[in-house]
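Below: the structure, in C-alpha cells.
Just so it is clear, the structure is predicted and the values come from calculations on it, not from any experiment. All chains are named by letter (A, B, ...) in the order of the sequence lines, taking the proteins before the strands, and each is independently numbered beginning at 1.
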Protein chains: 2
Amino acid sequence: MRIDRERATQVTVRDQPAKEHRRTRQRAAVDEVLDETEDFISAQELHALLRTRGAGVGLATVYRTLQTLADDGRVDVLRSDAGEAVYRRCVREEHHHHLVCRSCGATVEIAGPTVERWAKSVADQHGYTDVSHTLEIFGTCPRCAA
Amino acid sequence: MRIDRERATQVTVRDQPAKEHRRTRQRAAVDEVLDETEDFISAQELHALLRTRGAGVGLATVYRTLQTLADDGRVDVLRSDAGEAVYRRCVREEHHHHLVCRSCGATVEIAGPTVERWAKSVADQHGYTDVSHTLEIFGTCPRCAA
DNA sequence: TCAAGACTGACAACCATTGTCAAAACAGCC
DNA sequence: GGCTGTTTTGACAATGGTTGTCAGTCTTGA
Ligand SMILES: [Zn+2]
Ligand SMILES: [Zn+2]
Ligand SMILES: [Zn+2]
Ligand SMILES: [Zn+2]
C-alpha cells in the first residue's frame, strides 16, 4: 500500500517553495472561485460552477489546476463520503487541520502544538522518521444543531 | 459536502452492537485473509488473493463483506494514495489510530487520551456536537530507514 | 516579433465501486 | 432428513470520478 503524501492534510514540507506557473485565464477563474468559496468544493462542482458563469474551463484543466494548487500547498484537500476529493483555499498558510460540520460543511481551521507534539512523540517512540499526519474533526455545528 | 462517518477511522459509536449475519464460506474466506494480513489491504487485492488460493469469491461479495465488517466496526478503513479504500483487522477493539510506514506499510496501532481530549475540547470550543475524528500518522519505519 | 515550451480541451480510457436479479445457500422448523 | 422463507451470492452491466491523449492555442522571455 502506498500512502498519499500530497493530497492529505499534513505537515507541509515546503522544500521547493513554489515552482512558477504561467498565468492563464483558466487558472485565474479557478482561483477566483476558490477565493469566494468558504466550504470544501469538488473538482466536478467547481467545473459546473464555472460553466454556469460562462467562464467555461475544461474539466481536465480544472483537475490539473487543483492538483497543482494542492501540490504547491495552496489548497487543502480531503475526501467526501463518496471518496471524492474536495478542495479549499485556506486562510492559514501554515500547517493546520479542520473542524467540519457534517451537515452544512461549515469549516473552522484549527491548529495547536498539542497534537503536533503528540504525533511527533508517538512516531519517535516507535522509531518512525520523516513523519506526517492527517487529522480532521467532524461534528454538527451550532447552527445546524439548533 | 457530505462527510463519511462510516468509513473513516473515528470514534466508534456502537449503539446496535452487531446485527447477526449468516456464516458463509465466502465470509469465512475473507475473514481468514484479514486474520493473516498485517497490513492494510484493498478489496481488489483481497479478491485477487482469494482467487489464487482457489477459494474464489465474487468481487461484489468481497466488497459487500468488507463493507459489512467496517459497518460493524470489525475492521478499520483508510484510503491509499489512489483513493482506494484499504482494510485491516485490528487488534484493539476500542477506538484507536494508526502509525503507518509509507514504504512497507508496517502498521502500529496507537491510542491515547491526549488527542481524544484535545479533539473534544476543540470541538466544544466551537460549539460543535456529535463529534468524531480521523487521524493517521505516516512515516518511515525503522526497518525501512536502515 | 518569434520560437520554445507550457497549457488547454474534447474525448477516450481507466478503474474502483455499486446496482441488478435470478440462482444458490443458509437457518430454523417439521 | 426435507420444507420454506430469507439472506447471500456472483456474473455482468452501469456508474462516476479521475487520468491519459494529443493536436491546437496561449505565455513568456529574448
Ligand atoms: Zn484549511
Ligand atoms: Zn497537524
Ligand atoms: Zn487499527
Ligand atoms: Zn481518536
Nearest non-hydrogen partners of A/Ala106 and B/Tyr128, listed with the distance: O-OH, 3.1 Å
Within the 4.0 Å limit for protein heavy atoms, which parts of nucleotides 20-30 of chain D are touched? Write it as a string from 5' to 3', B for base, S for sugar-phosphate only, - for none. BB-----BS--
What distance separates B/Leu69 CG from B/Arg64 CZ, expressed to the nearest 0.5 Å? 13.5 Å
Find the distance B/Glu20:CD to C/dG28:C1' and express it as a whole number of Å. 14 Å
Pair A/Arg89 + A/Asp35: basic N to acidic O under 4.0 Å: yes
Spacing of B/Tyr87 atom OH relative to C/dT17 atom C1', expressed in whole Å: 9 Å
Would you jot down, in residue-number order, the residues of residues 26-35 of chain A having a non-hydrogen atom under 4.0 Å from DNA chain C? A/Gln26, A/Arg27
Does B/Glu36 have more than 12 heavy atoms from other residues, nucleotides or ligands lying within 6.0 Å of its CD? yes
Mind calculating the distance between CG (A/Leu59) and P (C/dC7) to the nearest angstrom? 18 Å
Output the rounded distance in Å from CD (B/Gln67) to C1' (D/dT8). 15 Å
Check for me whether the distance between the ring centres of B/His98 and A/His133 falls short of 6.0 Å. no
To the closest 0.5 Å, what do you measure between CG (B/Asp72) and CD (B/Glu20)? 9.0 Å
Figure out the CD/C1' separation between B/Glu84 and D/dG16, and round it to whole Å. 16 Å
Transitive ILVMFWY cluster of B/Val91 at side-chain heavy atoms under 4.5 Å: who else is in it? none
Please state whether the phosphate of D/dT18, meaning OP1 or OP2, lies under 4.0 angstrom from any side-chain nitrogen or oxygen of A/Tyr63. yes
Salt-bridge test for B/Glu32 and B/Arg27: reply yes if a basic N is under 4.0 Å from a carboxylate O, no otherwise. no
Whole-Å distance, A/Leu66 CG to D/dG17 P, equals 14 Å
Atom pair CG (B/Asp31) and OG1 (B/Thr65), whose distance is rounded to the nearest 0.5 Å: 8.5 Å
Rounding to an integer number of Å, can you tell me how far B/Gln44 CD sits from C/dC14 P? 15 Å
